[in-house]
Structures are given as structure tokens and as C-alpha cells.
Amino acid sequence: MEMPLARFQNISLDQLRSISSSDHKVFRENSLFSGNCFGIGRRKWRNPSDQIKCLSLEQGLQPRPKPDLSRVHTDVKEVRLDETQVKKSGLRICSKIEKLVLCNRFREAFDLFEILELEGSFLVGTSTYDLLIQACIGLRSVRGVKRVFNYMTRNGFEPDQYMRNRVLLMHVKCGMMIDARNLFDEMPERNMITWNTIISGLVDAGDYLEAFRFFINMWEEISDADTRTLATMIRSAAGLEQISVGRQLHSCALKMGIGKDTFISCALIDMYSKCGNIEGAQFVFVEMPEKTTVGWNSIIAGYALHGYSEEALNMYYEMRDSGVKMDHFTFSIIIRICTRLASLEHAKQAHAGLIRHGFGLDIVADTALVDFYSKWGRVEDAQSVFDYMPCKNLISWNALIAGYGNHGHGEEALEKFEQILEEGMKPNHVTFLAVLHACSYSGLSERGWEIFQSMSRDHKIRPRPMHFACMIELLGKEGLLDEAFALIRGAPFKPTANMWAALLTASRVHGNLELGKFAAEKLYGMEPEKLINYVVLLNIYIRSGKSKEAAAVVQTLRRKGLIMRPACSWIEVKKQQHVFLSGDKCHVQTKEIYQKVDSLIHEISKLGYVPEEKTLLPDVDEQEQRVLLYHSEKLAIAFGLINTPEWTPLQIVQGHRICNDCHNAIKFISQVTQREIVMRDASRFHRFKNGSCSCGDYW
DNA sequence: TTAGGGTTAG
């Protein structure tokens, strides 16, 4: 046999180790392995109903019928059975266990297994052990693994190679990697399945480098690898985001004649897109002889990952038209895309499709929906989806809390947080970020401070820079600039740009020139090319009447060649999106749009709206200044008003943080028109109703 | 004889 894998022997472990360990760590920390509330690794389910069933059973959220064991217990405990009777009774129980497992009634199978454990000496056969292992994997039950394994050991069960692999798999799938590795080391014989099993476990656990070490050892020991090995290793390369390694694996697969295998192709699409090469992913997808559901899912997710949300959505419709079956993965991906596009129409269709295709109870898709409705400003809908979920994990809770918090419902967010604690779930750093943001947006500074302190004290979670930045924002809003500055100085790590940016913003809001200057200078050192840092300081100087200093900032901007990118907003009207740039005059209805903006400005001026003093460069002529006043949000709103008489709510989305002036204008427009306006800036959503913004934030 | 592989959510 040709040895394409031999080239991997040229990769030293040091080379693998040199792969950025911080990236690796971030990936691991963000992976499900660390994030899910069950404390176990990656789960795989044949279909979502299995998932719901199993998770519900494990969490004890659904009542399950319990077999009446009392009589049998009595038989076993009180009546001494002779050897024949034990055998007869044991065989009957084993047969029943096997039938229960085959019907996916894993819990009940374990209830019966308890009888055998109490009796203690009945010699269970391979087929029963095999199905008990299946039950453990189905439940992802560590306790189940221990029970089955103890029983085997106690009764001197001597497994053959098949059973040894099954026992190994049981440990791997339940995340018991230390035990799995011990078993692996002690195995008298290891075949390809043994190697594939342990490697797959390492990749599931995010231990990618170790997976590569095993892969190399595997080649040394058995000089063989198959499609499954390659598919797993490609997943590992994706986890490490090492395209060069991924490419070598691709080359190996081609040399082995399995380059177009469905599993390999899907893994390659995912690897190329995660490594930043969407063209590579597209190439593999086009070359796939048969485009499967997973293939479509992978390429759509790849496009979405690279920010090509509209293209991804188009591919989804192409997938649907091609007649390929969609699954719960498809809908989870699509809902996330809708969140990025902030498209209610598409999300509604995806929500309907999810239910129609029978995946309405899938935890991942439902969580994506909770997140969508939360971000879109429909917290009630988010709560409604959440309430219908048969089981929720920490990710679902976090999405809901962020939804409440980002829309000014700080108290509700805190209530949900309390509920998490009452239910015995362990909050993670994302939970705390959502809760602290909620406190910040709703002005609950004392509660925010208490929670921030409780993070390390009570929950043993070390606050990260994002938590610090959030607290600085919170203190800054209260005008507690000295305290905010003290927090930066007291941080147990080097302050990050986010932290200084929060202090700079607070300094601008409260007109603290000295602190603003200090924060801006720190930011210049860290992000020398980031325009916004200069603009904020420029604002501070202009408002403080420091024209000389303001001119110096302008000079710096020019020297560096930093140009303000025109802001972009888009509005969805009658299922179609219309995009506007600042001062945009390309739209066919430009004339009407500008007339509408003028009349709105006239109306809102009567209500007391005064445009903010513009931060314009000194030599910008008046005509240009006038054009710049027509920000993209205002144009989009005017367009919406002209074209949608039944417009509610109107959504304005923009890629950059909007200026105070525009924010205030939108507030007034909402008041004048009595319309509800949902608007998103770079970091959060704002919902205006009768002129007031639900987030409680000020600009 | 049986077993091991690919894509989703905060």
C-alpha cells in the first residue's frame, strides 16, 4: 500500500506545539465541552427527538414510568435462590434489558440492571453488556459507565477485541478520557477501530495536538488509516485552524482515493471555512459527487462564518429547491444567519420550517431562535420560545438573559439569573457578561457591582477583560470616573483596549478632559489605526473649546490617512432589503426620501430637537456638511415611512455605532410618527417606542 | 458478524 501518511511523520510535535496555544485555548473554552451545563463532552444524536428524550431523562425534567422493583428485590434479597433459579431469573432480566435498550428506554434498562447488581453474581453475556454500553452512550451517563464497568470487573468478564473497543467507546463518548486512555494503554491488542475511537474522543474533547500525536503513533504501530481516521484528523486540523495541516490531510485523502468521500468532503468544507479559506470549501463542495444534507449545512455555515450571510441564505433556498432533506442543523444555521441579517421575514420562515419539519423541540435551533427574538427586540417572543423548550441548557438561559438585559429589562434579567442559581446550574463567564450588561444598561450599578464581586468569590470565575470593560462602562455611566479608573489600575492583567475605550467614552459623556486624554493616549498605543479613538477625543476637545488641540488631532488623522467610512443602514420593506449610505443619493426615490427627512426634521424641531454640534473637519464646506447630516439611519427611516403605511416595527440596522445626533433624531421621529423603531448599532439593539429608547442607554 | 467518521445555538 502506498504510504501517503508517511509525510506526517515529518511533522514534529514541536511544530504542532508551535501552533498558537492561545487560539487553541480560546477554541476550547468556547467549545461545548466547557460550556454545557451537563459537564460532559460533545454529544451526538441520531435525531433531535433522541436528544430531547435523553437530555430530559437525564435532567429529570420529564416524569418517567418506574418499574415496580419491590417484588423482584424481595425475591433477590430475602428469598435465597439456588443457582438454577438465579440463572433463570438473570437470563430473564438480561433479555428484558436488551429489549428496553433496543426501544431506547435506557433508564428503565438501568433500573433492571440494578437487580443484577444487587444479586451480584450472575454472569452477564456479551450481548447484554453490548446493549448496556449502548444505553450508557445514549444517556451520556458517567455513572452508568462506572456501574457497567464495575460489574464487568467484579464478575471477571473477559472481553474480546470487539467488546474492548466497545468499552473504550463507552468511556470516550461519556467524556471519561482519563479512564479511556488508561484502558487504551492496557489493551493487549489495538486495531484501527481502537485507534479511531480514542482519536475521535481526543478531538471531541478539543485535545487536538494530542489527537495528532496519537495519529502519528497509530501510523507507526499499525501502518494504516482509513476514511474515518482522515475525517477525524481533518476535524482536528479545523479545531487547530491549521490550514497547512488540513491541506496535507486533503492530499492524503486524494492519494488514498477517498478525496471525494462524503464524510471527508464535509470535514474538508468545514476545515477550509474554519481556516479562513471559503474558496477551498466551495471547491470541495462543488466537487462532491452527491451533495448531502451535511455537505449543504457545512458550506452554508462556512459562508455565514465568513460574513456572507446573504449568499448563505441564497444557498439555503437552493438547498431547499434541490430537494435535499433539511435537518435540525440546517435550521440552527439559518436562524443564526437571520440574526446577523436581522431579517424577521426569513427568521419567521425558518421558525415555521423548523416546526413543519419536526425539529421544533431541538435545543440548539430553539436557542438560536431565543437569541434571534432577543436581539430583534421581541423579548416576549424569545420568552415564549424558551418556555416551550422541553429542556434548556446554560446557553439557552444566557441568550434569554442577554435579551432582557439588552432591552432595558434589567430586573427581569436579574430574576432569570437568580432562577439559574436556584435550579443549581453553574453560571459561566457568558452568563456574567450578560448580567453585568443588563445592570449597566438599566442603571443597576449596585447590583452590578455586587455580582461582579461575587464572580470570583462565590462562583470561582475569574473576571475577564470583557467583564472589567462592562464594569467600567457601568461606573462611567454613573459618573464614577475615578472608581472606573481605579478598576483599570487594579486589574490583575494588562488593561485591554476595550477597557480604555469604555473609560474614554465615559470621559466624553462627562466631559472629563484629563482622563479622556489619558485613555485616548493609551488607545493610540494599542490601536494606532482605529479612527474612532481619535474622533472621540476630537469631540472632547471641541466641546471643551480646545480648538488648538482639536486641530492637532485633525492633523494626526490626516497624517495617518484615516478616513471615516460611510455608515451603512438597511431596512427590510416588503421582504426586500434597501441599503443606504450616509448622504446616499443613489436610490430611485432619493427626492422623496430627502423631502421626507426635511419634513421630519422640521416636525421634530418643533418638539425641541436641536441637532448636535457637528464634529466636522474645519475646512469641510457647508454643502458637504449638509449632506453629512443625512445619516444612513434617517434615510432608511424616511424610506420606510414613504413605502410602508403599516410599518411596525421598522428595523434599521447599521454596521457602525451611530452618532448622538442620529440617535436623538430617531428618538424624536419615533415620537412624531408614533411608530416603533428597532435599530441596531455595532454592539446592541435599541427599540424606540413613543420616543423613548428601551435600553435606557444614553449617548 | 458486530464497532470507529462529517455539519448547528449564548
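The chains referred to below are lettered A, B, ... by the order of the sequence lines, with proteins before strands, and numbering in each begins at 1. These figures come from a predicted structure and were not determined experimentally.
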_If you define the side chain from C-beta out and look only at heavy atoms, does anything of A:Glu318 sit under 4.5 Å from A:Asn314?_
no

_4.5 Å side-chain heavy-atom contact, A:Val379 and A:His409_ = yes

Taking [atom1] from [X] and [atom2] from [N], how many angstroms apart are they, rounded to a whole number?
| X | N | atom1 | atom2 | result |
| --- | --- | --- | --- | --- |
| A:Met288 | B:dT7 | CE | P | 12 Å |
| A:His250 | B:dG5 | NE2 | C1' | 16 Å |
| A:Arg235 | B:dT8 | CZ | P | 11 Å |
| A:Leu169 | B:dG5 | CG | P | 7 Å |
| A:Tyr162 | B:dT2 | OH | C1' | 4 Å |
| A:Phe184 | B:dG4 | CZ | C1' | 13 Å |

Contact class for [X] vs. all strands (heavy atom < 4.0 Å): base, sugar-phosphate, or nothing?
| X | result |
| --- | --- |
| A:Thr292 | base |
| A:Thr367 | base |
| A:Asp226 | base |
| A:Asp270 | sugar-phosphate |
| A:Thr194 | nothing |

When you get a sec, tell me which of [options] is the closest nucleotide to the side chain of [X]?
| X | options | answer |
| --- | --- | --- |
| A:Ile193 | B:dG10, B:dG6, B:dA3 | B:dA3 |
| A:Arg336 | B:dG6, B:dG10, B:dT8 | B:dG10 |
| A:Phe329 | B:dG10, B:dG6, B:dT7 | B:dT7 |
| A:Asp362 | B:dG6, B:dT8, B:dA3 | B:dT8 |
| A:Thr262 | B:dG6, B:dG10, B:dG4 | B:dG6 |
| A:Arg166 | B:dA9, B:dT8, B:dG4 | B:dG4 |
| A:Ala301 | B:dA3, B:dG10, B:dT8 | B:dT8 |
| A:Asp160 | B:dG4, B:dT2, B:dG10 | B:dT2 |

*Is the aromatic ring of A:Phe331 within stacking range of B:dT8, meaning centres under 5.5 angstrom and planes under 30 degrees?*
no

*asked:* Under the criterion of centre distance below 5.5 Å and interplanar angle below 30°, is A:Phe263 classified as stacked on the base of B:dG5?
replied: yes

_Checking A:Phe283 against A:Tyr272 for the ring-ring contact (aromatic ring centres under 6.0 Å, His included) test, could you report, in this order, the C-alpha distance in whole Å, the side-chain angles of both residues, the deciding distance, and whether it holds?_
CA-CA 10 Å; A:Phe283 177 80; A:Tyr272 279 118; 8.6 Å; no

*Are OP1 or OP2 of B:dG5 and a side-chain N or O of A:Thr232 less than 4.0 angstrom apart?*
no

*Give a yes/no answer on whether the side chain of A:Lys173 brings an N or O atom under 4.0 Å of OP1 or OP2 in B:dA3.*
no

Can you list, pair by pair, the side-chain donor-acceptor contacts under 3.5 Å of residues 183-191 of chain A, counting residues two or more places apart and other chains?
{"from": "A:Arg190", "atom 1": "NE", "to": "A:Glu221", "atom 2": "OE2", "distance (Å)": "3.4"}
{"from": "A:Arg190", "atom 1": "NH1", "to": "A:Phe184", "atom 2": "O", "distance (Å)": "2.7"}
{"from": "A:Arg190", "atom 1": "NH2", "to": "A:Glu221", "atom 2": "OE1", "distance (Å)": "3.3"}
{"from": "A:Asn191", "atom 1": "OD1", "to": "A:Asn165", "atom 2": "ND2", "distance (Å)": "3.2"}
{"from": "A:Asn191", "atom 1": "OD1", "to": "A:Ile193", "atom 2": "N", "distance (Å)": "3.1"}
{"from": "A:Asn191", "atom 1": "OD1", "to": "A:Thr194", "atom 2": "N", "distance (Å)": "3.0"}
{"from": "A:Asn191", "atom 1": "OD1", "to": "A:Thr194", "atom 2": "OG1", "distance (Å)": "2.7"}

*Atom CE in A:Met471, atom CE in A:Met455: separation rounded to 0.5 Å?*
10.5 Å

*Does the base of B:dG10 carry an N or O that pairs as donor and acceptor with the side chain of A:Asn428 under 3.5 Å?*
yes

*asked:* Between the base of B:dG6 and the side chain of A:Asn297, is there a donor and acceptor pair under 3.5 angstrom?
replied: no

*Do you see a donor-acceptor pair shorter than 3.5 Å between the side chains of A:Ser384 and A:Asp381?*
no

